[in-house]
2 protein chains.
Amino acid sequence: MRMLYQPDVNEINLSTVFYALSDQIRLDIIKTLAEIGEQSCGALEINVPNSTLSHHYKVLRESGVTHTRIEGTQRFISLRHNDLNTRFPGLLSAILQGLEPGKSS
Amino acid sequence: MRMLYQPDVNEINLSTVFYALSDQIRLDIIKTLAEIGEQSCGALEINVPNSTLSHHYKVLRESGVTHTRIEGTQRFISLRHNDLNTRFPGLLSAILQGLEPGKSS
DNA sequence: CCTTTAATTCGAATATATTCGAATAATTGA
DNA sequence: TCAATTATTCGAATATATTCGAATTAAAGG
């Protein structure tokens, strides 16, 4: 398969990250990743068609929020915790805290 | 003039806030507000037509990021620092830190 | 090879956002 | 009441995003 673009740490852009996080499905994805760690695309139980999900994975990856590791026919997605924390200290943990139950994200 | 909608603290929604912050002009606005505090709409030196600016002010206000105070024919805009901090602790300061020079927001 | 599995890409429909000139609204002060 | 000031709203053009079925790609295993 084609190369997957993922930005370098210091190319991660704040408005692009915010755009990636402005969609409820994508917030659901990163919430799940935060809770249960790296997951294959198929393992995330989100109730939308695969082609739609794939689009959201791409937005997250290209914004620098997630990292994708290829293993066989699967893609394993994880949060770029360290990179985000390096570039924008405190941002990710504030976001994840904001996604906790009762926060009506 | 018509009533200005601004959400209650606990109605501020994370994905809506991120949407509001996903635009470079709006990030410029909140950066300026963070630096020099409450400003009238006209005092913010941002090089786009008034009708466009007004649109961005509305997005920021309705997302809960800014507060608008009416005084005569002017609107004074400010960041809802306390409200945001109550609802999403640490988020605003991480954002403002991310907007500092050299961060290519 | 052929099939299965896992996921992406394509393409087209639909929905949402952005932009900005012109018109409008509200307030103040002459 | 008229004009000036400040800002919003309207409306229409343009641009961008979202959605999802169908086709495609890639790897693994028989």
Side-chain angles (χ1 to χ4, degrees), chain A residues 1-7 13-30 32-33 36 38-78 105, chain B residues 1-7 13-30 32-33 36 38-78 105:
Chain A
M1 262 182 197
R2 190 177 306 176
M3 227 268 281
L4 300 177
Y5 171 73
Q6 341 208 25
N13 177 286
L14 203 51
S15 64
T16 309
V17 166
F18 288 142
Y19 165 67
L21 299 176
S22 68
D23 179 277
Q24 191 54 56
I25 293 176
R26 294 194 290 263
L27 280 181
D28 290 348
I29 293 169
I30 76 146
T32 305
L33 292 178
I36 59 182
E38 188 190 58
Q39 289 295 308
S40 75
C41 288
L44 289 163
E45 301 199 338
I46 293 184
N47 211 33
V48 289
N50 260 317
S51 52
T52 302
L53 260 190
S54 212
H55 162 73
H56 290 302
Y57 292 146
K58 187 184 185 192
V59 172
L60 286 169
R61 179 171 40 76
E62 292 187 343
S63 75
V65 171
T66 59
H67 175 258
T68 301
R69 178 170 68 80
I70 298 181
E71 190 179 313
T73 58
Q74 295 183 97
R75 307 277 180 292
F76 287 88
I77 306 178
S78 56
S105 59
Chain B
M1 262 180 196
R2 189 178 305 175
M3 227 269 282
L4 300 177
Y5 171 73
Q6 344 208 22
N13 177 286
L14 204 50
S15 63
T16 308
V17 167
F18 288 141
Y19 165 67
L21 299 177
S22 68
D23 179 278
Q24 190 55 57
I25 292 175
R26 293 193 291 263
L27 280 182
D28 290 349
I29 294 169
I30 75 146
T32 304
L33 292 178
I36 59 181
E38 188 188 60
Q39 288 297 308
S40 74
C41 289
L44 288 164
E45 300 200 340
I46 294 184
N47 210 33
V48 289
N50 260 318
S51 53
T52 301
L53 261 190
S54 212
H55 162 73
H56 290 302
Y57 291 146
K58 188 184 184 189
V59 172
L60 286 169
R61 179 171 40 74
E62 292 186 344
S63 75
V65 172
T66 59
H67 175 259
T68 301
R69 179 171 67 80
I70 299 180
E71 191 179 310
T73 59
Q74 295 183 97
R75 307 279 180 287
F76 286 89
I77 307 180
S78 56
S105 58

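Just so it is clear, the structure is predicted and the values come from calculations on it, not from any experiment.
Residues Ser51(A) and Glu71(A) each lie close to DNA chain D; by heavy-atom proximity, the contact nearer the 5' end of the strand is made by Ser51(A).
Dashed line: the shortest gap from a side-chain N or O of Thr52(A) to OP1 or OP2 of dT19(D) is not under 4.0 Å. Contact between the side-chain N/O atoms of Ser54(A) and the OP1/OP2 oxygens of dT8(C) is found at a separation under 4.0 Å. The side chain of His56(B) contributes an N or O atom lying less than 4.0 Å from OP1 or OP2 of dT19(C). Under 4.0 angstrom from either OP1 or OP2 of dT18(C) there lies at least one side-chain N or O belonging to Tyr19(B). Between Arg75(B) and dA26(C) there is no side-chain polar atom (N or O) within less than 4.0 angstrom of OP1 or OP2. Residue Ser40(B) places none of its side-chain N or O atoms closer than 4.0 Å to OP1 or OP2 of dT6(D).
Rounded to a whole Å, the CD1 atom of Ile46(B) is 13 Å from the P atom of dA7(D). The distance between atom OH of Tyr5(A) and atom P of dT9(C), rounded to the nearest whole Å, is 15 Å. The separation between Gln74(A) atom CD and dT8(C) atom C1' is 15 Å, rounded to whole Å. Following rounding to the nearest Å, Gln24(A) (CD) and dA17(D) (P) show an atom-to-atom distance of 19 Å. The distance between atom NZ of Lys58(B) and atom P of dC20(C), rounded to the nearest whole Å, is 17 Å. Between Ile70(B) atom CD1 and dT28(C) atom C1' there is a gap of 15 Å when expressed in whole angstrom units. Atom P of nucleotide dT16(C) and atom CD1 of Ile25(A) are separated by 13 Å, given to the nearest angstrom. The separation between Phe18(B) atom CZ and dT16(C) atom P is 21 Å, rounded to whole Å.
Counting only heavy atoms from C-beta on, Asn50(A) has its side chain closest to dT8(C) among dC20(D), dT8(C), dT8(D). Closest to the Pro49(A) side chain, of the nucleotides dT9(C), dC20(D), dT5(C), is dC20(D). Residue Cys41(A) places its side chain closer to dA7(C) than to any other of dC20(D), dT8(D), dA7(C).
Atom-to-atom distance recorded for Arg75(B):CZ and Thr66(B):OG1 is 12.5 Å, nearest 0.5 angstrom. Atoms CD1 and OH, from Ile25(B) and Tyr57(B) in turn, are 10.5 Å apart once rounded to the nearest 0.5 Å. For the atom pair Arg26(A) CZ and His55(A) NE2, the distance stands at 5.5 Å (nearest 0.5 Å). With rounding to the nearest 0.5 Å, the separation of OG in Ser15(A) from CD in Gln24(B) is 5.0 Å. Between the CD atom in Gln6(B) and the OG atom in Ser63(B) there is a gap of 10.5 Å [rounded to 0.5 Å].
Note on Phe76(A): nothing from the nucleic acid sits closer than 4.0 angstrom, heavy atoms only.
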